[in-house]
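To start, the structure itself, in structure tokens.
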Amino acid sequence: MSAHELPKAASTASAGGTVTRSVPALAKPTPLKVPKVGDTTLDNGLRVLVVRRPGVPMVELRLRIPFAGPRGNRGAVHSARSALLSDTMLSGTADRDAATLARDLQAVGGMLSVGADADRLGIGGSVLAGGLKGLLGLLGEVLTGASYPAREVKGERDRLVQELAIHRSAAGVVAREALLHRMYGDHPYGRDLPDSADVEAVSAGQLRKLHESRVVPAGSILTLVGDVTPAKGTALVAEALGGWTVTGAEVPTPAVPEQEGRRALLVDRPGAVQTTIRLGGAAPNRTADDYAATVLANLVFGGYFSSRWVGNIREDKGYTYSPHSGIDHAAAGSRLVAGADVATHVTAPALLETLYELGRIATVPVGQDELDQARRYALGTLALGTASQAGLAGQLSQLASYGLGLEWLREHSAALQKVTVDDVLAAGARWLAPSVLTPVLVGDTETVADSVRALVELETA
Amino acid sequence: MPTRAPVRPSRPKAAPARPTGSSYAVERGRLANGLRVVVLPDRTSPVVAVAVYYDVGMRSEPEGRTGFAHLFEHLMFQGSANLAKTEHFTYVQGAGGILNGSTHVDYTNYYEVLPSNATELALFLEADRMRSVALTQENLENQVAVVQNEIRVNVQNRPYGGFPWISMPPVLFDSFANSHDGYGSFVDLEAATLGDAQAFFDRYYAPGNAVLTVAGDVDTAQVMQWAEEQFGDIPGRPVDALPSFAEPPLTEQRWGVQEDRLAPAPAVALAWRTADPADLPSYLPYVVLAEVLTDGDAARLQDRLLLKDRTATSVGGYLGVMGDPLDARDPTPLMLEVHHAPEVPVQRIVDTVGEELDRLATDGLDADEVARTVARMNARYLRDIDPVLGRATHAAVFEQQRGRAELLNELPTLLAEVTADQVVAAASTLRKDNRAVLELRPTGGAA
């Protein structure tokens, strides 16, 4: 960016006079540094990745275990069991009850949390560097001997049912569930949260069986980033988790249904002061030829504050607070989701502007400046994402679970730099055109349905 | 049955008595116009965080203008003498950076994180709006609409919206400054004028009322030079002495009710006034106490309410109305938040919390419990200051409210010095007769 002078803006509040000053140029950028990764697969099949990243005396830990379930009702049951398993994995082992486990974890300055999505069980943690051995010891104990005590399971089951009701009272969750179901049907991606009824049916015995059969090291990846060397980190993991030797079947995520444009769905939320708008569609994955072009097309449309969609419905018209569009990756297929929560009385106008901006990115070439601006943002923020222990741990762990390494960051950088206006047009037409997306609205049907029908065919629920 | 090698359970080594901490370099300067500059050079990653903290927050907005400080924060992003309406954003993002701002009870901050080759640019952008933000009627009206949507999505259309950070202050405090809704009423937001904005800027956005913090891949001397070049010509202007927001303590329990048609289940918050945060040795025991009570399954209230009694769905506790223990001045609360099933009477939750506090005050706690609590607090804190932005924002508020950015490195040591007796003493000040209780009652049918 070159230094240049700008004309003064009119009617400025100023204490210091209206001095014209030039915007400083950027200095020479530092090229993206990719740190060395220690990469070892243990005898039990667990892949261990370690990066020494100095900074604070902490270590970040991410363990990802393949955990996909089948389609249909069995998948719904699996989803419920996975959720409750996540909530009770730390509720006790053969040797420690929940309270003792919690105390010992706290004592080494450690944190552990367990969560599941449709593809994986994830265990995340962080610990004072001096407590890494202790944290790994507790993790190993949980992986090999989590006991799912009946009393704890019952208590957590009741809690989970209550929490699900609370989650489902949020407009964003209602919208997300409706969108995913519409896009994916009975595929595991078609559900975000388990059904309460399925959760209530889960027993401690089923959790133990699920743990025995699926919490296995082969195919799993453990990542450590922080104040630890690859040699030391790998050795500590081997020592603590070497006894985790159970084997199980590989269960891949089923193939996703093809995505196509669908009729809009309006879910009633009586009295809502905002309509929660979501549009979803398929997206290319990280290794697709047009991935970089799609990233940039999405950015120009609505992927950052300087995007057209934000400029239009927030900064120009004040319809909304934070519209955003982004790509989410998943094992069987990535997706694009655009969302805006707009004032009820401007629902149809906001939808109109949204369809306009999507139509524009799909049919009209973007300006070179716009493309370059988005490109600089995409390139620059790549570095930001890995500039902390937690950021790097998340990034490395994610990429590894897709069979990619940190070199992908350099490859993606190179791809971004080559994207042309024509590439963006092609990507926009393929992935962001209104005709390929599935719109879902959650709002006060009585107030908004008629005006929305002026724009799109609408189903109500 | 899983096959596993026999494991002898061993107690993991407890955290050492001397806490592991950080040792970031902290350098400071001050311009002639009063602007304080703090630099935290660290070459680990080629990124930089630039933050400007203005010593004005929700507590300072006038009556009839609730939400004004936050609205003004929005206006600061709408252009300045040398930048058109969206250009602050386009310059930061075009340099590969991210940006935001936020409004708190005692400060408003503006920050960006960028590749370090954009440091000078970031300083220019911050200086331009500190010198001459562009205030127009059109932008004011536009941002009022945006803020109203922010309130809709975060409060009005959200179950438990504003609970308890908006709804507890009027129960716990009496003065307008401490008790009003900092997001603002729609009436007050629509009544805001350009004249109000001009006056607010003149009064609170003087360089002498601000701290500029730069953390990351920078050279201190170079940053100081740039700071002088970019900010030096902004004339100083007088800064009013900070008023005290102190008010008398509660002399009897207060009980408020928030009705919520979107929430499917009830909740209750309890709050007490703490020692003055300016007096760290007296205040830090409260910070530790909140964690003793609520940090994880080993904590007192989780153990009692979740594991033993099973009367709660979730339990949380923190210092400060907005959850940061060290970014607000006196008066500030210790807040407990419990979500529970409808079948559990709220009084039972309130009484149980009271019992646990009494038990703590009477039976005490041992050094081990304090040590493990502080060990994890330390870990969380280090995790927060590892990214450049976390470092910059912590250092900024330490400098602004305490004149000591060095606290960034010293905090773990200070926390480790808190004794069990001090925690017990703090707990014994949290009684029935000086607490504020806020009950959230679901009133709706389906959402």
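Owing to the predicted nature of the structure, the values given are computational and were not obtained by experimental measurement. Below, read A as the first sequence line, B as the second, and so on, with proteins coming before strands; counting in each chain starts at 1.
The number of heavy-atom neighbours closer than 6.0 Å to NZ of A/K317, taken from other residues, nucleotides and ligands shown, is above 12.
Aromatic ring pairs are classed by plane angle as parallel below 30°, tilted from 30° to 60° and perpendicular above 60°; the pair A/Y321 and B/H74 is tilted.
For A/T93, no part sits under 4.5 Å from any heavy atom of chain B, backbone or side chain. With a 4.5 Å cut-off on non-hydrogen atoms, B/Q143 touches chain A through its side chain but not through its backbone. Using a 4.5 Å cut-off between heavy atoms, B/L114 touches chain A through its backbone atoms (N, CA, C, O) alone. Contacts of B/A299 with chain A are absent, with no heavy-atom separation under 4.5 Å from either backbone or side chain. Interface residue B/H340: only backbone heavy atoms are found under 4.5 Å from chain A. Heavy-atom distances place the backbone of B/E229, and not its side chain, under 4.5 Å from chain A. Looking at A/V215, neither its backbone nor its side chain comes within 4.5 Å of chain B, counting heavy atoms on both sides. Residue B/N33: no heavy atom, backbone or side chain, is found under 4.5 Å from chain A. Of the atoms belonging to A/S126, it is side-chain heavy atoms, and not backbone ones, that fall under 4.5 Å from chain B. For a residue to count as touching a neighbouring chain, one of its non-hydrogen atoms must lie under 4.5 Å from one of that chain's; by this rule B/T373 touches chain A with backbone and side chain alike.
Judged by the 6.0 Å and 45° rule, B/R129 forms a cation-pi pair with B/F77.
Among A/V273, A/T30, A/D341, the residue making the largest number of heavy-atom pairs under 4.5 Å with chain B is A/V273. Chain A forms more heavy-atom pairs under 4.5 Å with one residue of B/N157, B/V144, B/I151 than with any other, namely B/N157. With chain A as partner, the option from B/S314, B/A118, B/G97, B/G296 having the largest number of non-hydrogen pairs under 4.5 angstrom is B/G97. Between chain A and the options B/A206, B/A312, B/A145, B/A265, the largest number of non-hydrogen pairs under 4.5 Å is found for B/A145. For the set B/D297, B/L389, B/N142, the count of heavy-atom pairs under 4.5 angstrom toward chain A peaks at B/N142. Interface remark: of the candidates A/A383, A/S306, A/G140, A/S388, A/S306 forms the most heavy-atom pairs closer than 4.5 Å to chain B. For the options A/G318, A/A374, A/S322, heavy-atom pairs under 4.5 Å to chain B are most numerous at A/G318. Counting heavy-atom pairs under 4.5 Å between each of B/L99, B/V113, B/T86, B/L194 and chain A puts B/V113 at the top. Between chain B and the options A/D372, A/I166, A/T381, the largest number of non-hydrogen pairs under 4.5 Å is found for A/I166. Chain A forms more heavy-atom pairs under 4.5 Å with one residue of B/D303, B/V92, B/V147, B/I98 than with any other, namely B/I98. When A/R159, A/E60, A/E156 are compared by the number of non-hydrogen pairs under 4.5 Å with chain B, A/R159 comes out ahead. When A/M58, A/R151, A/E152 are compared by the number of non-hydrogen pairs under 4.5 Å with chain B, A/R151 comes out ahead.
Using a 4.0 Å cut-off between charged side-chain N and carboxylate O, B/R131 and B/D233 make a salt bridge. Checked for salt-bridge contact, B/R310 and A/D158 miss the test: no charged N lies under 4.0 Å from a carboxylate O.
Checking side-chain atoms of B/E369 against main-chain N and O of B/V292 turns up no donor-acceptor pair under 3.5 Å.
In summary, the side chains of B/Q78 and A/E315 do present a donor paired with an acceptor at a separation below 3.5 Å, with no hydrogens or angles considered. At a cut-off of 3.5 Å, with distance as the only test, a side-chain donor of B/T44 or B/D42 sits close to an acceptor on the other residue. Side-chain contact annotation: B/S22 with B/N409, donor-acceptor N/O pair under 3.5 Å present.
A search for side chain to side chain donor-acceptor pair (under 3.5 Å) contacts involving B/Y205 returns B/Y110, not counting sequence neighbours. Shown here are the side chain to side chain donor-acceptor pair (under 3.5 Å) partners of B/N149, two or more places apart in sequence or in another chain: A/Q274, B/R152.
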For this session: Mind running side chain to side chain contact (heavy atoms under 4.5 Å, CB included) on B/L75 and B/V133 for me, showing each step along the way?
Result: CA-CA 8 Å; B/L75 295 179; B/V133 64; 5.7 Å; no
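A 4.5 Å side-chain heavy-atom check between B/S116 and B/P46 finds at least one atom pair inside the cut-off.
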